[in-house]
Asker: 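Would you mind keeping the following structure in view while I ask a few things?
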Amino acid sequence: KSEVGIRAAFKGVMGGKQVAILVPTTVLAQQHFNTFRERMADMPAQEFGWMSGRIGRGGVVTFSRREELPPEAETDKVSFATYGTCSHASIPLAEGGTTKRVLALSTVREERQWPDALVERLRLIAEALVGILARKHAELEVEESRERERAMLSSLPSLIAVLDRD
């Protein structure tokens, strides 16, 4: 299962997207980090050019067998075969009209069907994750702003300051 997750994450990253990996322990998180660093040091982005372009335009990419990929995806097909991917689904997640994240799922042991109803459910799950990540990002920004404010105020000799938004 870890191998599938690593491969799916790789495909998202190679498409210029952010990837979140959820793991149950810090030990496993460190192991995955080391694996990513070692494996992806020399990976060329053009290995999945067709898929990256399609996702960048907001298109979903799914295949149950590599042979289902169109002729213009021949490089992607070879890359999927190289990494042992049997079937794959990539669902772009748009924020403000731009694809910033991708939910990518791959199988390496057997082929899997990706019916439209399943893809739609996966899109809903992914959108929930995007909302969680956006909220966390906003919380971090607020905390950083508060820290800057505290630092400014603590550096004032009288603790009096006039802050003007203009």
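All figures in this text were calculated on a predicted structure; none of them were measured in a lab.
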Asker: Of all the heavy-atom pairs spanning Leu122 and Leu103, show the shortest one and how long it is.
Answerer: O-CD2, 3.5 Å
Asker: Look only at the side chain of Thr107 and the backbone of Ser87, and say whether a donor-acceptor pair between them is shorter than 3.5 Å.
Answerer: yes
Asker: Atom NZ in Lys136, atom CD in Glu141: separation rounded to 0.5 Å?
Answerer: 12.5 Å
Asker: Hey, could you give me the SG/CZ distance between Cys86 and Arg112, rounded to the nearest 0.5 Å?
Answerer: 13.0 Å
Asker: How close do Leu118 and Gln113 get, counting heavy atoms only, and between which atoms?
Answerer: CD2-O, 4.2 Å
Asker: Should we say atom CD of Glu110 is surrounded by more than 12 heavy atoms from elsewhere, each under 6.0 Å from it?
Answerer: no
Asker: Using 0.5 Å steps for rounding, measure from the OG1 atom of Thr85 to the CG atom of Asp76.
Answerer: 11.0 Å
Asker: Check Arg123 with Glu127, please: is the shortest side-chain N to carboxylate O separation under 4.0 Å?
Answerer: no
Asker: In Å, rounded to the nearest 0.5 Å, how long is the span from CZ of Phe80 to CG of Leu69?
Answerer: 6.5 Å
Asker: To the closest 0.5 Å, what do you measure between CG (Asp116) and OG1 (Thr62)?
Answerer: 7.5 Å
Asker: Which atom pair, heavy atoms only, marks the closest approach of Val119 to Trp114?
Answerer: CG2-O, 3.8 Å
Asker: Under 3.5 Å, is there a donor-acceptor pair between the side chain of Thr82 and the main chain of Val78?
Answerer: yes
Asker: Please confirm whether the backbone N or O of Val60 pairs with a side-chain atom of Arg54, one donor and one acceptor, at under 3.5 Å?
Answerer: yes
Asker: Measuring from atom CD of Glu68 to atom NZ of Lys77, what distance do you get when rounded to the nearest 0.5 angstrom?
Answerer: 10.0 Å
Asker: Is there a salt bridge (charged side-chain N to carboxylate O under 4.0 Å, His left out) between Arg146 and Glu149? Walk through the geometry before answering.
Answerer: CA-CA 5 Å; Arg146 287 181 181 155; Glu149 182 181 295; over 6 Å; no
